[in-house]
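Following: one structure in structure tokens, then a few remarks.
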Amino acid sequence: MIEHLQRFFVAATILRCAVGSERRSLPVRAKGDAPSAFANTSTIRVPRGLTVIERKLMAVHNSDVVAMFQEMADLLELEDESTFRIRAYRQAATTIDELGRNLGQMIENGEDLSELQGIGKDLAGKIERIIETGSFDDLEELRKRTTPSLRELTHIPQIGPKRARLLHEKLGIENLDDLEDAVNEGRLRELKGFGKRAEEQILSAMETGRRKKERRLLSEVEEAAESLEAFLNSLNGVKDACVAGSYRRKAETVGDLDSVVSSSQPGKIIDQFVEYEDIDQVINKGKASSSVLLRSGLQVDLRVVKPESYGSALIYFTGAKNHQLTLRDMALDKDQKLNEYGLFDKKDKQLAGKTEKDIYKAFNLAYIEPELRENRGEIDAAAKQNGLPKLIDIDDIRGDLHCHTTWSDGRASVEKMAETAKERGYDYLAITDHSKRMQMVNGLSGKDLRKQAEEIKKVDEKIKGLTLLAGCEVDILEDGTLDLSDDDLNDLDVVICSIHSNMNLSSRKQTDRLLRAIENPNCQIIGHMRGRKVLERDEIDIDLERLLKEAKDAGCAIEINADPHRRDLDENGVRFALDIGLKFTVSTDAHSAAGLDQMKYGVWTARRGWVEKKDVLNTGTMNSLRKALRSR
DNA sequence: GCCGTTTTCGGCCCGACTGTTTTCAGTCG
């Protein structure tokens, strides 16, 4: 949390400094840091009179650039700028968000950012400017020229940029408080386009504090999605039903539940749907679609289509948007049209639509699994014979190589963990408690590990059909040395090396730290390499590509941590690692017996990174696993 | 602002729903 706040503070400092009217320059490079393209080595401007304490600035994160491009797009919308210019900023933001590589690092490597999808010379220049100064001129001017607080208004459902602007121009409304006052004083209804319903909607949104949907972890929405899907399938007149969207693609986070139902009686389905017991509020209810809020605040968007359109509706609502748009472009190239109702020729004759396979086939493409539909080359691959990967499956996993027990901060005993692994049908399980540096979780010393090994051996003998491996998740210290000596580690079957402290070192120091760990022959697996927590904590700053290459040369495997909060290495890193020939382990980092069930999230990340069974060490037998782990 | 069986400028996804209107603009996904 502290780390998060620090990052926020630094980002806020950069932004505040950059908008000051009177400016002077201040070099802010921290002592000992190497020159780089990051903000921590550049000159930033600060307003006169602001007391400046020398502070080590973080590298500019891709997410900072994304936020600025989104803000730019929002402010342009409030100015009624051309939709295409706005869309260009949003498209660029999406590209950067999904990039998986640090922009500053790319610039440092001399790469041309304008080669990225949707980023031309102009935006490439603006990105460089952001990384140098923390902002860019057009945004600063726009912030001055417009009323940035109007963005708040668009957080109210059914109020978009046009209505926000109207409210500002006609009633002088600048923020949510002004809006509430205007409603209460009856001024809103004087405005053309606003009536009783608008007043109700605004007051309701104020009351519930409802804002535009926030994203949630996949694991947090799973139960709701499964119940919803079961409910939809149980309705009268339903032929098929599916929760699509990012939930179906098994993304790390989910914004809402996009659902599709196949039925020839749409109205009847919608009528039954709005009676779903988990619904808190019906946002809208049409003839063939409806949006509702569940009690948890999660939004569900339902669309009902005829059976002959179910496949195309699934493709449409599963997304990702750019996957679906690429298909649409392909249709246009052939003088055809693809929408949620099917693929149509010039005369509007349906060519395909009943199943997803039919649609892909009409484009001469192999079926593309939902996890791959991110417009990351899957369509090109599907056009080639055997071009798509044969994705790893949860059933391919034969053991878990990362879990904790009551010896450190786990909640179950060695025996309980072993029994549970056996029940899951695993061939092996590695017990990998924390090392001594992690004092707050009772990390183990070399002596403790030897004692634990005796217990592991006993349990191993007791539980037939499962091989219990003695291991450790060893801390990588700030200087890159390991928390335990070679002597302590030599006898272990599995050594995972992870970072748990000093998460905010400079990119150079953090990279050097991991390089040193990788050089250590005891480092068989690097655990949760990015150190991030989804929606909670940024990743550590490292030269990921360099580290992955070094790991490959050294024979280290990279963990795909299956904890739904981590999913680390992330899918973009996985894809890069895969391309350079690295091997992975997929493990849960379970801290309880139930935690072993989290394996699916790791498998989903692997699948989203195009990983096959052969790329993962713990899909092999005990013997092949021993051979595949780095020899010491 | 990007892109291009490009080269200098035109096209850029599109359908459902809502509220207020009386045929449509704005919003959303």
Side-chain angles (χ1 to χ4, degrees), chain A residues 69 72-74 76-78 80-95 113-127 136 138-139 142 153-167 188-202 205 212-213 244-246 254-260 266-267 270 274 282-292 299-305 309 312-313 315-333 336-344 348 375:
Chain A
F69 280 2
M72 185 78 192
D74 286 353
L76 286 172
E77 272 191 324
L78 289 166
D80 205 21
E81 174 66 61
S82 127
T83 55
F84 300 111
R85 187 167 170 227
I86 293 161
R87 196 183 291 173
Y89 275 101
R90 298 218 190 277
Q91 174 61 43
T94 305
T95 296
L113 298 183
S114 69
E115 282 175 14
L116 295 171
Q117 179 67 35
I119 293 174
K121 275 211 164 64
D122 182 89
L123 289 183
K126 281 172 177 153
I127 293 169
F136 61 100
D138 282 0
L139 178 61
L142 205 52
L153 302 185
T154 64
H155 294 163
I156 302 281
Q158 306 308 319
I159 293 188
K162 293 222 161 55
R163 283 181 180 154
R165 196 153 45 88
L166 189 72
L167 289 167
L188 195 75
R189 62 177 68 187
E190 296 166 8
L191 224 53
K192 195 179 172 189
F194 289 88
K196 194 165 163 243
R197 176 81 182 126
E199 286 183 340
E200 283 169 12
Q201 228 159 13
I202 288 165
K212 285 236 168 101
K213 323 170 283 235
S246 43
V254 174
D256 55 17
L257 298 179
D258 290 309
S259 310
V260 187
I270 297 295
V274 295
V282 176
I283 301 171
N284 60 49
K285 173 176 181 269
K287 288 183 190 128
S289 76
S290 174
S291 293
V292 303
Q299 183 165 330
V300 177
D301 296 325
L302 175 70
R303 178 71 74 88
V304 187
V305 295
S309 295
S312 41
I315 287 184
Y316 186 90
F317 290 104
T318 298
K321 193 174 169 187
N322 286 336
H323 173 88
Q324 182 257 126
L325 287 181
T326 300
L327 292 175
R328 194 176 282 211
D329 282 346
M330 287 170 71
L332 289 174
D333 285 346
Q336 298 169 348
K337 184 178 77 176
L338 178 70
N339 58 27
E340 56 263 59
Y341 302 106
L343 179 67
F344 300 90
D348 259 357
N375 208 32

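Residue numbers begin at 1 in each chain, while the letters A, B, ... track the order of the sequences. These numbers were taken from a predicted model, which means no experiment stands behind them.
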- Rounded distance (Å) that lies between atom P of B:dC14 and atom CD of A:Q336: 14 Å
- Cationic N near anionic O, under 4.0 Å, A:D348 to A:K337: yes
- Message: Can you identify which nucleotide, out of B:dG1, B:dG29, B:dG15, has its nearest atom closest to the A:Y341 side chain?
- Response: B:dG15
- Task: Look at the side chain of A:N284 and decide which nucleotide, out of B:dG1, B:dA16, B:dT18, has an atom nearest to it.
- Result: B:dT18
- Message: Please determine whether a side-chain nitrogen of the Lys or Arg among A:K196 and A:E199 lies less than 4.0 Å from a carboxylate oxygen of the Asp or Glu.
- Response: no
- Just checking A:D329: base, sugar-phosphate only, or nothing, at a heavy-atom cut-off of under 4.0 Å? nothing
- Report yes if the side chains of A:N339 and A:Y316 come closer than 4.5 Å at any heavy-atom pair, otherwise no. no
- Query: A:L191 has an atom CG; how far is it from atom P of B:dT20, in whole Å?
  - Reply: 12 Å
- Message: Output the rounded distance in Å from CZ (A:R163) to P (B:dC28).
- Response: 8 Å
- Query: If you look at every strand shown and take non-hydrogen atoms under 4.0 Å, does A:F317 touch a base, only sugar-phosphate, or nothing?
  - Reply: nothing
- Item | A:K192 side chain near B:dG19 phosphate (N/O to OP1/OP2, under 4.0 Å) | no
- Item | Side chain proximity check, A:K126 to A:Y89, heavy atoms < 4.5 angstrom | yes
- Query: OP1, OP2 of B:dC17 versus side-chain N and O of A:S289: anything below 4.0 Å?
  - Reply: yes
- Task: Determine the contact category for A:A92: base if any of its heavy atoms lies under 4.0 Å from a base atom, sugar-phosphate if only primed atoms, P, OP1 or OP2 are that close, otherwise nothing.
- Result: nothing
- Message: Checking contacts here: which listed nucleotide (B:dG1, B:dG15, B:dG26) is nearest the side-chain heavy atoms of A:E340?
- Response: B:dG15
- Using Watson-Crick or G-U wobble geometry with both distances below 3.5 Å, tell me the partner of B:dC28, or none. B:dG15
- Query: Would a distance-only check, ignoring hydrogens and angles, find a side-chain to backbone donor-acceptor pair under 3.5 Å from A:S290 to A:N284?
  - Reply: yes
- Message: Distance check, C1' atoms only: B:dG19 and B:dG11, in whole angstrom units.
- Response: 32 Å
- Task: Find which nucleotide of DNA chain B each of A:G193 and A:Q324 is nearest to by heavy atoms, and output the residue with the more 5' nucleotide.
- Result: A:Q324
- Mark yes or no for a side-chain to base donor-acceptor pair under 3.5 Å between A:Y316 and B:dG29, with no hydrogen or angle criteria applied. yes
- Task: In whole angstrom, give me the gap between the P atoms of B:dT27 and B:dT21.
- Result: 16 Å
- Message: Heavy atoms only, 4.0 Å cut-off, all strands: where does A:N322 land among base, sugar-phosphate and nothing?
- Response: nothing
- Note on the structure: Closest of B:dG19, B:dG29, B:dT27 to the A:R197 side chain is B:dG19
- Between C1' of B:dC12 and CD of A:Q117, the distance in whole Å: 13 Å
- Message: In whole Å, I'd like the distance from the CD atom of A:E199 to the P atom of B:dG19.
- Response: 13 Å
- Round to a whole Å and report the spacing from CG of A:L325 to P of B:dC2. 18 Å
- Whole-Å distance between B:dG10 P and A:L332 CG? 20 Å
- B:dC14 and B:dC9, which share atom name P, separated by this distance in whole Å: 25 Å
- Task: Could you give the distance separating B:dC17 and B:dT23 at their P atoms, to the nearest angstrom?
- Result: 22 Å
- Query: Can you tell me how far P in B:dG1 sits from the matching atom in B:dT5, rounded to whole Å?
  - Reply: 23 Å
- Message: Any base atoms under 4.0 Å from A:I119, or only sugar-phosphate, or nothing? Heavy atoms, all strands.
- Response: sugar-phosphate
- Considering only atom C1', compute the distance from B:dC2 to B:dT6 and round it to an integer number of Å. 13 Å
- Rounded to the Å, how far apart are A:Y89 OH and B:dG1 P? 4 Å
- 4.5 Å side-chain heavy-atom contact, A:I159 and A:I202: yes
- Query: Checking all strands, does A:L116 fall into the base, sugar-phosphate, or nothing category for heavy-atom contacts under 4.0 angstrom?
  - Reply: sugar-phosphate
- Note on the structure: Out of B:dT18, B:dG1, B:dT27, minimum distance to the side chain of A:K285 belongs to B:dT18
- Item | Residues which pass side chain to side chain donor-acceptor pair (under 3.5 Å) with A:S291, listed by chain and number, not counting sequence neighbours | A:D301
- Considering only heavy side-chain atoms of A:Q299, the closest of B:dA16, B:dG29, B:dG19 is B:dG29
